[in-house]
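To start, the structure under review is shown below, and the notes come after it.
Remember, it's 1-based here, ligands and their atoms both numbered in the order they're listed. From a predicted model like this one, the values you see are computed outputs, not experimental measurements.
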Amino acid sequence: MQDYLKFYINGEWVDPVEPRTLDVENPATEEPFARISLGSKADVDKAVKAAQDAFPSFSQTSVEFRAELLEKIAAGIQARAGDMAKAISDEMGAPMWLANAAQVPAGMGHYMTAAKILREYEFEEQRGSTLIRKEPIGVCGFITPWNWPQNQIACKVAPAIATGCTMVLKPSEIAPLDAMIVAEIFHEAGVPPGVFNLVNGDGPGVGAYLSQHPGVDMMSFTGSTRAGVLVQQAAAPTVKRVALELGGKSPNIVLPDADLNQAVAGGVMQMMTNTGQSCNAPSRMLVQRDKQDEAMAIAKATAEQVKIGAGADAPKGAMGPISNANQWNKVQDLIQKGIDEGATLVTGGLGRPEGFNKGYFAKPTVFANVTNDMTIAREEIFGPVLCILPYDTEEDAIRIANDTVYGLSGYVQSSDLDHARKVANQIRAGNVHLNGAGPDFANGAFGGYKQSGIGREWGDYGFEEFLEVKAVLGHSPA
Ligand SMILES: NC(=O)c1ccc[n+]([C@@H]2O[C@H](COP(=O)([O-])OP(=O)(O)OC[C@H]3O[C@@H](n4cnc5c(N)ncnc54)[C@H](O)[C@@H]3O)[C@@H](O)[C@H]2O)c1
């Protein structure tokens with residue numbers, strides 16, 4: 001058992017004001033392997049005060065200073081990529097191949113992109129006699145989830161540092177250890193004291209108090225829609241800006257002219273990535289009704305080839321466990337609901353995969369003949385469960401795709417790019433991927449329509465969340 005009981009406040013590792021600990025469990029073994037402290041209001045007050053004190057000087061630093069800081073951070077992550085991958089693998093279950101190939105690099109990429117954008121970013125613009133200045137918003141509060149922990153932290157911290165903000169992070173209490181490594185990296189990179197502060201804790205304790213804190217100017221939250229609403233409610237009385245990156249139930253429209261084999265197999269594999277625990281997972285696959293039987297056969301064959309494993313022993317491509325017991329139970333309940341409500345179970349189903357009697361492992365599961373009113377089509381499952389929904393016409397497919405409270409991502413498959421583009425324009429979602437296109441951290445913008453969130457992360461769109469706009473009137477002679 002390793003202890004990580006301190007918080008990082010004002011450039012130092014400090015003890016919590018009141019000692020209270022939480023075990024961190026490895027989901028592959030169900031064994032606790034580390035302990036963190038759960039913070040209190042007094043810890044949050046100290047961290048917010050440090051961030052407030054650091055803001056006047058950090059907000060005035062040069063673009064070059066902050067760009068170099070971001071590059072040093074990226075280099076620091078690179079140097080400790082192995083430690084970081086191991087921490088992520090142990091705390092949330094991503095096998096080492098995935099932690100190395102995607103979990104760590106996804107985070108690191110945002111620091112490098114932020115440095116590049118920062119050097120070119122126009123913070124001032126003359127419009128007639130008025131100067132428009134973009135200024136850092138102030139002290140930011142960050143709350144992040146466990147599924148892509150470094151990526152979610154970097155999506156917030158990188159643009160906040162770039163724009164000259166100071167911050168307090170409360171990482172997920174389920175996956176807190178990679179955040180503590182990143183705090184060490186920030187320290188070594190020379191991030192000035194008070195610019196970045198970390199307080200561990202749970203949502204109702206630290207998260208809610210940070211959200212309502214009058215010393216925090218802006219909250220950026222990633223997690224469930226349920227908790228996002230609570231953050232926004234807590235933030236409302238102090239009229240702070242709130243950015244929310246929430247859940248999804250993303251449609252994947254396989255158009256009749258798509259290569260069915262490629263589209264269905266690719267969709268299944270993408271659904272199973274990170275054990276289905278991605279907010280933008282293509283969880284509703286829409287297939288033309290007369291092609292559904294063929295799609296079911298392809299999906300079954302593909303899902304049944306998915307290997308299962310954990311840690312360093314898992315073969316490349318293997319799917320790890322679900323990250324925690326609550327989530328495993330939720331996934332099981334929803335699989336049961338799918339069966340009860342009459343969907344066709346194509347493969348997978350309840351319980352652990354064969355050969356596993358321990359750990360929160362789940363079976364790669366595919367349902368077909370799903371109708372969009374079934375619970376499994378409406379609720380975010382956040383596990384390795386794909387729903388295939390038949391459609392009759394293209395209009396029908398687009399209507400079903402948009403018939404959801406979410407609007408994070410969409411996917412369109414077609415052999416005719418122009419056809420795919422036309423359908424993409426009709427999907428009400430913040431990201432639409434055509435024919436398997438991957439994420440574009442440098443040029444894209446990430447965020448949701450409807451109940452998938454408010455605001456955008458990544459690249460220059462991500463900067464804007466952390467900037468206030470000031471018009472200086474009469475700045476130049478008219
Ligand atoms: N849109 C995105 O960018 C994105 C990315 C990743 C995950 N997600 C979503 O995150 C969810 C899974 O993550 P999770 O289970 O960690 O979500 P969660 O909402 O339970 O927890 C996320 C974070 O919120 C905190 N929290 C919980 N209750 C809170 C409260 N009342 N006030 C303040 N903070 C609170 C938690 O401690 C944690 O740090 C999924 O719904 C997924 O879609 C969204």
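Within ligand 1, counting atoms from 1 as listed, the ones closer than 4.0 Å to a heavy atom of Ala208 are 32 (N), 33 (C). The ligand atoms of ligand 1 that sit less than 4.0 angstrom from a heavy atom of Gln152 are 5 (C), 6 (C). The distance from ligand 1 to the heavy atoms of Leu230 drops below 4.0 Å at these ligand atoms: 31 (N). Applying the 4.0 Å criterion to heavy atoms of Thr144 picks out, from ligand 1, the atoms 23 (C), 38 (C), 39 (O). For ligand 1 and Pro145, the ligand atoms under 4.0 Å from any heavy atom of the residue are 6 (C), 7 (C), 13 (O), 16 (O).
Geometrically, ligand 1 and Ser452 share no nitrogen or oxygen pair separated by less than 3.5 Å. Distances between N or O atoms of Asp202 and those of ligand 1 include no value under 3.5 Å. Of the N or O atoms in Lys170, one or more lie within a sub-3.5 Å distance of an N or O in ligand 1. Checked against a 3.5 angstrom limit, the closest N/O atoms of Thr222 and ligand 1 fall outside it. By the 3.5 Å distance cut-off applied to N or O atoms, Gly207 is not counted among the residues near ligand 1.
For the residue pair Lys240 / Thr238, a side-chain donor-acceptor distance below 3.5 Å is found, with atom types taken as modelled. Side chains of Tyr4 and Gln2: a donor on one and an acceptor on the other come within 3.5 Å. Side-chain contact of Ser220 with Glu465: a donor-acceptor pair under 3.5 Å is absent, judged by distance alone. Between the side chains of Arg399 and Asn372, no donor-acceptor pair is found at a separation under 3.5 Å. The closest side-chain donor-acceptor pair between Asn402 and Gln426, if any, does not fall under 3.5 angstrom.
The OG1 atom of Thr347 sits 11.0 Å away from the CG atom of Leu386 when rounded to the nearest 0.5 Å. Expressed to the nearest 0.5 Å, how far CG of Leu345 lies from CG of Asn369 amounts to 11.5 Å.
Between Lys49 and Asp45, no side-chain nitrogen of the basic residue sits less than 4.0 Å from a carboxylate oxygen of the acidic one, so the salt-bridge criterion is not met. Ion pairing between Glu341 and Arg378 fails under the 4.0 Å rule for side-chain N and carboxylate O. Salt bridge annotation for Lys337-Glu379: absent, with no cationic side-chain nitrogen under 4.0 angstrom from a carboxylate oxygen.
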#### Entry: Stepwise salt bridge (charged side-chain N to carboxylate O under 4.0 Å, His left out) check, Lys358 with Glu31
CA-CA 10 Å; Lys358 206 173 173 200; Glu31 300 289 342; 3.3 Å; yes
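Given atom 26 (N) of ligand 1, the protein heavy atom at minimum distance is Gly203 CA, 3.4 Å. The protein heavy atom nearest to atom 18 (P) of ligand 1 is Ser224 OG, 3.6 Å. The protein atom (non-hydrogen) at minimum distance from atom 24 (O) of ligand 1 is Phe221 CE1, 3.1 Å. Scanning all protein heavy atoms for the shortest distance to atom 8 (N) of ligand 1 gives Cys279 CB, 3.5 Å. Looking from atom 36 (C) of ligand 1 to the surrounding protein, the closest heavy atom is Glu173 OE1, 3.7 Å. Nearest to atom 40 (C) of ligand 1 among the protein's heavy atoms is Glu380 OE1, 3.4 Å. Closest to atom 15 (O) of ligand 1, if we only count protein heavy atoms, is Trp146 NE1, 3.1 Å. Regarding atom 25 (C) of ligand 1, its nearest protein heavy-atom neighbour is Ile143 CG2, 3.5 Å.
For atom 21 (O) of ligand 1, the nearest protein heavy atom lies 4.0 Å away or farther.
Annotation: Lys116, atom NZ; neighbour count of heavy atoms from other residues, nucleotides and ligands within 6.0 Å does not exceed 12. Other residues, nucleotides and ligands contribute over 12 non-hydrogen atoms within 6.0 Å of the CD atom of Glu25. Heavy-atom neighbours of Lys46 NZ from other residues, nucleotides or ligands within 6.0 Å: above the threshold of 12.
Neither the backbone nor the side chain of Gln327 comes within contact range of ligand 1; no heavy atom lies under 4.0 Å. No part of Leu210 comes within 4.0 Å of ligand 1, judged by heavy-atom distances. Contacts of Asn147 with ligand 1, taken as heavy-atom pairs under 4.0 Å, involve the side chain alone.
Look at Arg226 and you'll find a heavy atom under 4.0 Å from some atom of ligand 1. Residue contacts with ligand 1 do not include Gly448, since none of its heavy atoms lies under 4.0 Å from the ligand. Judged by the shortest distance from any of its heavy atoms, Trp148 lies outside the 4.0 Å radius around the atoms of ligand 1. For the ligand labelled ligand 1, residue Ser172 lies inside the 4.0 Å heavy-atom shell.
Between Trp458 and Phe446, the two ring planes are parallel [angle under 30°; tilted spans 30° to 60°]. A perpendicular orientation is assigned to the rings of Tyr111 and Phe186, their planes being inclined by more than 60° (bins at 30° and 60°).
Within the set Gly247, Gly223, Ala227, the minimum heavy-atom distance to atom 9 (C) of ligand 1 is found for Gly223.
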